[in-house]
Amino acid sequence: MMKSDVTLVFACKEKRTYRFLCQDTKANQSQTIQYTAVISRDKKWKYSTPIYLVERSKQQIFPSVDHPLAEAIAMSSTLGQQLRLQISEQGEILQLINIKEIQAYWQTRLKIQLESQYEGGVIDTMINQLDEVVEEEARFVGKLQKDVFFNHLCGILPGTYQYQAQGQNYIKPKEDQQGIGYRYEIAVLENKGTRIKGIGEQAKERLAQVKELWQLEGDEELTYEGIIEGELNEQSEIVKLSSKEVYTYGSAIYRSTIIKLDLC
């Protein structure tokens with residue numbers, strides 16, 4: 001383990017293909033979403049902050065859900081399949097370059113398809129919400145920054161990690177993941193890459209709010225454990241990254257979420 005502050009950055013020097021998987025299990029009901037994403041850097045762009053082309057394949061959802069709302073949500077995900085983004089080394093999405101093309105696709109094709117194929121108050125609300133997001137670049141960028149895929153691609157790892165001599169681990173002072181605090185171990189690999197592992201805890205006050213939100217009855221305690229494990233190559237590109245969140249109510253796991261991003 002290194003014993004000085006460490007700064008990790010977002011980078012993608014070459015064209016890379018990642019496999020993304022998200023598995024969410026709640027009260028013994030599980031759903032898995034997976035797809036591939038190709039990330040390539042625009043080498044014609046000469047300015048300091050790079051432009052990246054992100055192409056995501058069609059989502060595969062298991063088990064499949066035969067329901068109009070699920071179909072509509074799957075259709076709406078095509079808005080984010082091809083994106084040209086300016087992303088800083090700090091992992092911040094600064095600009096959506098092809099916003100005009102996305103707006104045109106929404107207004108002339110996707111919105112019309114949704115309105116003609118589906119009906120109902122829930123669908124109408126979804127369409128109105130998408131209208132608001134697509135019409136303003138800042139809102140779209142904000143939604144992408146919170147997207148699970150982009151949060152793992154460029155949001156989780158970048159930052160400065162301060163070494164804590166007393167605990168012989170690292171913390172990110174500005175970290176705020178829904179009231180979750182992580183402590184990390186960081187090591188340099190033989191190939192000059194970096195390995196990082198974080199263990200997260202959630203404050204009891206926050207867990208009490210979650211328990212109320214989920215309407216969990218009884219006096220049993222809701223506990224939380226978060227784990228982040230990642231590996232970067234010598235160019236600071238993600239080789240693999242996984243996160244796991246587990247909520248345990250009493251002696252049984254109530255909800256778990258596993259997310260993986262692996263270089264193909």
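Position 1 is the first residue of the sequence, and the numbers go up from there.
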Could you tell me the separation between the [atom1] atom of [X] and the [atom2] atom of [Y], rounded to the nearest 0.5 Å?
X: Leu207; Y: Leu213; atom1: CG; atom2: CG; answer: 12.0 Å
X: Ile180; Y: Ile199; atom1: CD1; atom2: CD1; answer: 12.5 Å
X: Glu92; Y: Thr49; atom1: CD; atom2: OG1; answer: 9.5 Å
X: Gln34; Y: Lys260; atom1: CD; atom2: NZ; answer: 11.0 Å
X: Lys58; Y: Met75; atom1: NZ; atom2: CE; answer: 10.0 Å
X: Arg56; Y: Gln82; atom1: CZ; atom2: CD; answer: 11.5 Å

Discussion item. Can you confirm if the aromatic rings of Tyr52 and Phe10 lie within a centre distance of less than 6.0 Å?
Written reply: yes
Practice prompt. For the pair Asn128 (side chain) and Asp124 (backbone), establish whether a donor and an acceptor sit closer than 3.5 Å, ignoring hydrogens and angles.
Written response: yes
Worksheet item: Can you tell me if Glu225 uses its side chain to pair, donor with acceptor, with the backbone of Glu201 under 3.5 Å?
Response: no
Fill in: same_hphob_cluster(Leu263, Val148) at 4.5 Å side-chain heavy-atom cutoff
yes
Worksheet item: Could you go step by step and tell me if Glu71 and Tyr118 meet the side-chain hydrogen bond (donor to acceptor under 3.5 Å, both in side chains) rule?
Response: CA-CA 9 Å; Glu71 294 175 2; Tyr118 306 101; 3.1 Å; yes
Fill in: Worked check of side-chain hydrogen bond (donor to acceptor under 3.5 Å, both in side chains) between Arg255 and Tyr247
CA-CA 5 Å; Arg255 183 170 189 174; Tyr247 288 89; over 6 Å; no
Fill in: Step-by-step side-chain hydrogen bond (donor to acceptor under 3.5 Å, both in side chains) determination, Thr36 to Ser57
CA-CA 6 Å; Thr36 58; Ser57 66; 3.3 Å; yes
Worksheet, complete the sentence: Exactly one of Val133, Leu79, Thr78 clears side-chain contact (heavy atoms from CB on, under 4.5 Å) with Trp106, and that residue is Leu79
Item to complete: Using the side chain to side chain donor-acceptor pair (under 3.5 Å) rule, pick out the option among Arg206, Glu245, Lys204 that qualifies with Tyr224.
Response: Glu245
Worksheet item: Can you say whether the rings of Trp214 and Tyr254 are parallel (under 30°), tilted (30 to 60°) or perpendicular (over 60°)?
Response: tilted
